[in-house]
Amino acid sequence: MVNILDYTLDELKIWMKDNEESAFRAKQVFEWIYKGQYDFDLMKNISSSTKNKLKKFFYIGFPTIIETLESKEDKTRKLLLRLNDDNIVECVIMSYKHGNSVCVSTQVGCRMGCKFCASTIDGMIRNLTAGEILSQIILCQNVLGDRISNIVLMGSGEPLDNYDNVMKFLELVNSDYGLNIGQRHITLSTCGIVPKIYEMADKEMQITLAISLHATTDEIRKQIMPIANKYDIAQILDACKYYIEKTSRRITFEYSLVKGVNDSKEDAKSLGALLKNMLCHVNLIPVNEIKENSFKKSSKNDIANFVSILKYYGIEATVRREMGSDINAACGQLRRSYIQSKKQD
């Protein structure tokens with residue numbers, strides 16, 4: 001059986017023709033699915049014979065919601081989802097005045113090993129398909145009863161470690177027959193897989209590329225991000241400059257502030273020197289404190305000093321608003337808690 005959400009419209013049209021059906025039926029089927037219809041039998045303008053053919057070959061791969069947590073502070077919702085093979089992922093819905101954003105997972109777990117992230121602790125189980133990534137967004141629209149306008153590929157997993165499926169997902173979610181979410185409303189966050197940054201740049205896409213930097217020296221970065229043993233900061237910055245040149249898009253550098261590790265005035269000056277004159281923005285993130293490590297958030301005073309120094313270097317910097325802090329909304333936390341509880345049962 002094949003997940004129909006993994007198909008593009010053209011691929012489904014070919015399937016229809018190969019199965020002695022009119023190609024226009026493909027768009028009718030997708031109109032139902034993209035509205036969140038999970039059952040072929042409930043598609044009213046599709047004939048019984050067509051439905052029977054579809055059911056023999058396809059399934060509609062929407063995940064099941066295991067648990068929903070809603071923040072009392074800002075209405076952020078975190079969904080724990082069970083996929084068709086019983087693997088668990090999570091996504092987060094964030095509502096703003098300008099619209100609804102969803103943070104989606106691209107892998108079951110993660111193999112990057114970043115020390116501050118809960119989703120990587122148990123390693124990676126498998127990649128998500130394009131349709132499985134897409135299904136998180138359609139499901140969130142059903143939950144909200146409202147349109148998702150912005151997407152962040154920043155949940156469990158490293159998107160560029162699942163490159164082909166993520167690229168197909170971007171095609172699907174941007175398509176005018178589907179959700180039609182523009183590339184400029186999509187952010188992809190990566191820890192810095194350099195060859196894939198070049199490959200994506202050559203596509204001249206208009207998504208926002210976010211780089212998880214988190215340190216100003218390779219020595220410190222290696223301590224918290226194993227990927228730094230393969231690609232150094234200079235290589236990442238060269239790839240980013242190429243991306244800017246090819247796309248004319250501003251890059252976001254994510255920098256988790258960890259007390260006593262990377263939050264000093266000297267760190268801020270080093271970051272300013274590294275990024276000076278680059279078309280970029282720095283997103284400062286007070287580190288999420290998880291029980292598996294001893295990292296602590298920087299003080300408000302140190303964060304303010306860090307922002308001030310970056311601005312002195314002419315670099316725009318903002319401090320990420322903490323969404324859903326009362327429901328463990330950081331990636332991987334809910335999934336890990338669920339898996340741990342099952343092990344104890």
Side-chain angles (χ1 to χ4, degrees), residues 1-17 23-40 43 54 57-63 79 81 83-85 87 89 91-93 99-108 126-144 146-190 196 199-200 202-209 247:
M1 296 285 281
V2 176
N3 183 1
I4 198 169
L5 284 167
D6 286 326
Y7 270 43
T8 65
L9 180 61
D10 286 342
E11 288 171 339
L12 190 56
K13 283 180 177 179
I14 291 170
W15 184 91
M16 289 288 183
K17 289 178 181 177
F24 76 88
R25 293 292 182 199
K27 189 171 183 180
Q28 289 180 320
V29 170
F30 273 144
E31 283 173 350
W32 283 105
I33 291 173
Y34 279 79
K35 290 176 184 175
Q37 178 53 259
Y38 304 177
D39 189 341
F40 288 120
M43 297 178 183
L54 288 165
F57 190 81
F58 294 108
Y59 67 95
I60 304 174
F62 283 98
L79 308 182
L81 308 175
L83 303 173
N84 286 70
D85 64 355
N87 273 304
V89 295
C91 63
V92 181
I93 304 170
N100 299 305
S101 296
V102 61
C103 178
V104 298
S105 294
T106 55
Q107 295 175 315
V108 181
R126 69 169 177 85
N127 288 324
L128 296 190
T129 69
E132 287 175 322
I133 303 170
L134 181 69
S135 70
Q136 296 171 63
I137 298 163
I138 300 173
L139 182 69
C140 287
Q141 289 195 156
N142 277 7
V143 168
L144 281 175
D146 196 8
R147 176 176 166 78
I148 296 294
S149 54
N150 295 278
I151 301 167
V152 185
L153 298 167
M154 204 181 288
S156 296
E158 162 55 58
L160 296 188
D161 191 37
N162 185 17
Y163 184 82
D164 291 340
N165 284 317
V166 167
M167 291 303 109
K168 187 170 186 180
F169 157 75
L170 292 173
E171 176 188 352
L172 290 171
V173 80
N174 184 229
S175 63
D176 56 8
Y177 63 81
L179 298 181
N180 197 20
I181 297 175
Q183 289 187 5
R184 288 174 177 257
H185 295 273
I186 301 171
T187 298
L188 184 152
S189 175
T190 176
K196 295 303 181 183
E199 197 171 332
M200 192 165 62
D202 286 334
K203 293 179 179 291
E204 298 185 14
M205 304 178 78
Q206 290 298 294
I207 65 171
T208 297
L209 178 63
T247 66

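Numbers for residues simply follow the sequence, beginning at 1.
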* Minimum-distance pair of heavy atoms, taken over all atoms of Gly61 and Asn84 -> CA-OD1, 3.7 Å
* Structure fact -> Sorted by chain and residue number, the side chain to side chain donor-acceptor pair (under 3.5 Å) partners of Gln183 (sequence neighbours excluded) come out as none
* Spatial distance of atom CD1 (Ile138) from atom CD1 (Ile33) [nearest 0.5 Å] -> 8.0 Å
* With a 3.5 Å cut-off and no angle check, do the side chains of Asn127 and Gln107 form a donor-acceptor pair? -> yes
* Report the residues that fulfil side chain to side chain contact (heavy atoms under 4.5 Å, CB included) with Val143, sequence neighbours left out, ordered by chain and then residue number. => Ile65, Arg77, Leu79, Ile93
* Ile181 versus Asn174: any side-chain heavy-atom pair under 4.5 Å? -> no
* Asked: Does Ile60 offer a backbone N or O that forms a donor-acceptor pair with the side chain of Tyr38 under 3.5 Å?
  -> no
* Does any N or O in the side chain of Ser105 come within less than 3.5 Å of the main-chain N or O of Ser156, such that one atom is a donor and the other an acceptor? -> yes
* Student check: side-chain heavy atoms of Ile4 and Phe57 closer than 4.5 Å -> no
* **Shortest non-hydrogen contact between Asn165 and Ala130, atoms and distance** => O-CB, 3.4 Å
* **Whether Arg147 side chain and Leu179 backbone form a donor-acceptor pair below 3.5 Å** => yes
* Asked: How about Phe24 and Lys13: do any of their side-chain heavy atoms sit closer than 4.5 Å?
  -> no
* To do: Test Leu128 against Val89 for side chain to side chain contact (heavy atoms under 4.5 Å, CB included), laying out the working first.
  => CA-CA 10 Å; Leu128 296 190; Val89 295; 4.2 Å; yes
* Asked: Counting N and O atoms only, with roles assigned by atom type, does the side chain of Lys168 sit under 3.5 Å from a partner on the main chain of Asp6, one being a donor and the other an acceptor?
  -> yes
* Should Thr106 and Asn162 be marked as a side-chain hydrogen bond (donor to acceptor under 3.5 Å, both in side chains) after you check the CA-CA gap, both sets of side-chain angles, and the distance that decides it? -> CA-CA 7 Å; Thr106 55; Asn162 185 17; 5.2 Å; no
* To do: Working to the nearest 0.5 Å, report the span between CG of Asn150 and CZ of Arg184.
  => 13.5 Å
* Between Thr8 and Glu11, is any pair of side-chain heavy atoms under 4.5 Å apart? -> yes
* Asked: At what distance, to the nearest 0.5 angstrom, does CD1 of Ile186 lie from OG of Ser101?
  -> 11.5 Å
* Structure fact -> By side chain to side chain contact (heavy atoms under 4.5 Å, CB included), Asp164 pairs with (sequence neighbours left out) none
* **Side chain Asn87, main chain Val108, donor-acceptor under 3.5 Å** => no
* Are Asp85 and Arg126 ion-paired here, with the side-chain N under 4.0 Å from a carboxylate O? -> yes
* Please tell me if the side chains of Leu9 and Ser175 come closer than 4.5 Å, counting only heavy atoms from C-beta onward. => no
* To do: Decide side chain to side chain contact (heavy atoms under 4.5 Å, CB included) for Ile137 and Val104; before the verdict, give the C-alpha distance in whole Å, the side-chain angles of both, and the deciding distance to 0.1 Å.
  => CA-CA 8 Å; Ile137 298 163; Val104 298; 3.9 Å; yes
* **Main-chain N/O of Leu83 paired with Glu132 side-chain donor or acceptor, under 3.5 Å** => no
* Is the closest side-chain heavy-atom distance between Met200 and Ile207 below 4.5 Å? -> yes
* Please round to the nearest 0.5 Å and tell me the distance separating atom CD1 of Ile133 and atom CG of Leu172. => 9.5 Å
* Got a second to check how far Cys103's SG is from Gln136's CD, nearest 0.5 Å? -> 9.0 Å
* **Closest non-hydrogen atom pair between Val166 and Pro159, with its separation** => CG2-O, 3.4 Å
* Euclidean distance, Met43 CE relative to Glu31 CD, rounded to 0.5 Å -> 10.5 Å
* Asked: Got Phe58 and Leu12 here, is their nearest side-chain heavy-atom distance under 4.5 Å?
  -> yes
* Decide side chain to side chain contact (heavy atoms under 4.5 Å, CB included) for Leu5 and Phe62; before the verdict, give the C-alpha distance in whole Å, the side-chain angles of both, and the deciding distance to 0.1 Å. => CA-CA 9 Å; Leu5 284 167; Phe62 283 98; 4.2 Å; yes
* To do: Please assess Asp10 against Tyr177 for the test side chain to side chain contact (heavy atoms under 4.5 Å, CB included), listing each intermediate value before the final yes or no.
  => CA-CA 11 Å; Asp10 286 342; Tyr177 63 81; over 6 Å; no
* **Sidechain N-carboxylate O distance under 4.0 Å for Glu199, Lys196** => yes
* Does the gap between the ring centers of Tyr7 and Phe30 come in under 6.0 Å? -> no
* Measure centre to centre between the rings of Trp32 and Phe40, then say whether the value is under 6.0 Å. => no
* Without hydrogens or angle criteria, can the side chains of Thr190 and Glu158 be said to hold a donor-acceptor pair below 3.5 Å? -> yes
* Please tell me if the side chains of Met167 and Lys203 come closer than 4.5 Å, counting only heavy atoms from C-beta onward. => yes
* Asked: Do side-chain atoms of Asn100 reach the backbone of Ser149 as a donor and acceptor pair under 3.5 angstrom?
  -> no
